Amino acid sequence: MKKKRILLKVGSNTLTKETDNISWGKIEDLANQMAKLQDTCEFIIVSSGAIAAAKQFVKLESKGKEIKVKQALASIGQPHLIRVYQDIFRECGLFTSQCLLSYSDFEKEQSRTNIVNTINVLVENNFIPIINENDTVATDEIKFGDNDKLGALTASLLKADLFIIATNTNGIYTKESMENGTPKTIELVEDFEELAKQVVNSKSSHGSGGMQSKIEAASVTKKANIETWIVNGLEDNFILNAFENKIPFTKIK
């Protein structure tokens with residue numbers, strides 16, 4: 001049986017559970033779910049959180065000096081972030097690998113081919129690739145919105161069956177319900193033009209995304225005929241629960 005290929009994009013807000021620190025519990029939650037689904041699904045993760053991870057360690061390691069440059073923080077935090085994933089996933093019998101990509105990689109045919117080949121080999125050998133933007137060389141990172149677009153481009157390139165964006169809301173809410181202060185989830189989107197009208201501009205506290213960047217990401221995957229789910233990653237078991245329709249989330253077909 002061919003496994004369903006899922007590209008999961010996890011933002012900083014989900015990974016920190018909206019605090020200032022990476023949440024070990026949230027990464028355990030991801031690992032537990034993937035362990036349960038490993039017979040039917042193969043996962044590729046696009047993970048933010050390097051800068052959040054750095055903030056936990058940097059005071060210890062820079063002898064109290066404040067480091068403000070995002071690229072430098074990402075460089076400090078990335079190995080810590082990967083180590084946390086590695087340690088926690090290993091306890092669930094899952095193995096991980098790190099892939100750093102930059103946007104220019106998607107523009108060169110040779111690079112695109114290399115990405116596909118490498119990730120396919122990893123997945124075939126039961127390694128879960130954990131992809132992040134190569135922030136130390138990236139200049140566009142701030143513009144691209146918390147890896148949403150990186151996730152969408154990667155999902156399209158790797159021909160994922162499903163693109164899940166884990167965020168801190170129960171999907172996309174109707175504009176009217178947001179204005180009334182009683183958020184109501186749009187459960188199914190079949191008309192993409194209509195969706196654009198529903199967006200209320202709100203940035204997330206840690207992330208650089210917000211709903212606009214998620215909808216732009218979904219427009220990329222839609223062109224590649226990939227379904228996108230926008231799910232509340234703060235909830236435990238959010239992937240399993242979304243599969244069983246136990247929670248409200250947005251499905252973009």
Side-chain angles (χ1 to χ4, degrees), residues 4-15 30 41-50 98-109 111-116 118-120 122-123 128-135 138-169 171-172 186 188-196 198-199 201-204 206-233 238-239 242 249-253:
K4 190 179 180 107
R5 174 169 283 196
I6 299 174
L7 193 130
L8 172 69
K9 183 263 160 178
V10 193
S12 310
N13 265 337
T14 303
L15 277 183
L30 294 177
C41 301
E42 55 188 37
F43 282 91
I44 295 152
I45 301 174
V46 168
S47 174
S48 305
Q98 169 180 271
C99 302
L100 294 177
L101 300 179
S102 53
Y103 284 90
S104 57
D105 295 331
F106 290 89
E107 287 157 15
K108 303 186 201 96
E109 194 175 339
S111 304
R112 285 203 306 270
T113 306
N114 288 345
I115 294 167
V116 172
T118 304
I119 289 178
N120 284 342
L122 288 165
V123 170
I128 297 172
I130 298 175
I131 297 168
N132 198 351
E133 187 172 356
N134 193 354
D135 285 333
T139 48
D140 294 329
E141 183 263 340
I142 317 313
K143 284 184 227 159
F144 275 112
D146 206 24
N147 279 342
D148 293 324
K149 190 172 178 191
L150 182 68
L153 290 170
T154 309
S156 306
L157 185 61
L158 296 169
K159 298 185 168 60
D161 298 302
L162 177 63
F163 177 39
I164 299 178
I165 300 178
T167 185
N168 57 345
T169 60
I172 301 170
I186 300 169
L188 181 64
V189 176
E190 295 186 275
D191 180 347
F192 207 76
E193 305 308 310
E194 277 302 303
L195 181 64
Q198 297 290 349
V199 178
N201 271 333
S202 61
K203 281 277 168 88
S204 47
H206 274 284
S208 49
M211 267 313 143
Q212 185 62 46
S213 83
K214 290 170 181 45
I215 289 172
E216 284 165 15
S219 75
V220 172
T221 42
K222 189 174 169 59
K223 285 191 190 95
N225 293 319
I226 298 167
E227 193 169 309
T228 299
W229 293 2
I230 299 176
V231 186
N232 191 335
F238 65 95
I239 305 170
F249 67 97
T250 301
K251 214 179 249 194
I252 302 171
K253 290 206 160 169

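As the structure is a computational prediction, the values presented were derived from the model and not from experiment. FYI, the numbering just counts along the sequence from 1.
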Can you find a pair of side-chain heavy atoms, one from [X] and one from [Y], that are under 4.5 Å apart?
X	Y	answer
Thr167	Val231	no
Asn168	Thr14	no
Ile239	Leu8	yes
Thr154	Ile131	yes
Asn232	Phe249	no
Arg112	Lys108	no
Ser48	Lys9	yes
Ile119	Cys99	yes

Any chance you could lay out the side chain to side chain contact (heavy atoms under 4.5 Å, CB included) test for Ile130 and Gln98, step after step, and finish with the verdict? CA-CA 5 Å; Ile130 298 175; Gln98 169 180 271; 5.7 Å; no
When rounded to the nearest 0.5 angstrom, what is the spacing between [atom1] in [X] and [atom2] in [Y]?
X	Y	atom1	atom2	answer
Lys214	Ser219	NZ	OG	13.5 Å
Leu122	Ile128	CG	CD1	11.0 Å
Thr221	Trp229	OG1	CH2	13.5 Å
Lys149	Glu133	NZ	CD	10.5 Å
Glu42	Asp161	CD	CG	8.0 Å
Phe163	Lys222	CZ	NZ	14.5 Å

How far apart are the closest heavy atoms of [X] and [Y], and which atoms are they?
X	Y	value
Leu158	Val116	CD2-CA, 3.9 Å
Gly49	Ser12	N-OG, 3.7 Å
Met211	Thr169	CE-OG1, 3.2 Å
Ile215	Phe192	O-CZ, 3.4 Å
Ala166	Gly233	CB-CA, 4.0 Å
Asn132	Ser47	CG-O, 3.0 Å

Check each of Leu7, Ile115, Thr113, Asp105 against Leu157 using the side chain to side chain contact (heavy atoms under 4.5 Å, CB included) test, and report the only one that passes. Ile115
Is there a donor-acceptor contact under 3.5 Å from the side chain of Tyr103 to the main chain of Leu150? yes
Polar side-chain atom of Thr250 near backbone of Ile172 as donor-acceptor pair, under 3.5 Å: yes
Charged N-O contact under 4.0 Å between Lys253 and Glu190: no
Side chain to side chain contact (heavy atoms under 4.5 Å, CB included), that's the test. Do Leu162 and Lys4 meet it? Break it down for me. CA-CA 8 Å; Leu162 177 63; Lys4 190 179 180 107; 4.1 Å; yes
Would you check, one step at a time, whether the test side chain to side chain contact (heavy atoms under 4.5 Å, CB included) holds for Ile44 with Arg5? CA-CA 8 Å; Ile44 295 152; Arg5 174 169 283 196; 3.9 Å; yes
Decide whether Asp148 and Ser213 meet the rule of one side-chain donor and one side-chain acceptor closer than 3.5 Å. yes
Pair Ser156, Val220 - check side chain to side chain contact (heavy atoms under 4.5 Å, CB included), show working. CA-CA 8 Å; Ser156 306; Val220 172; 3.8 Å; yes
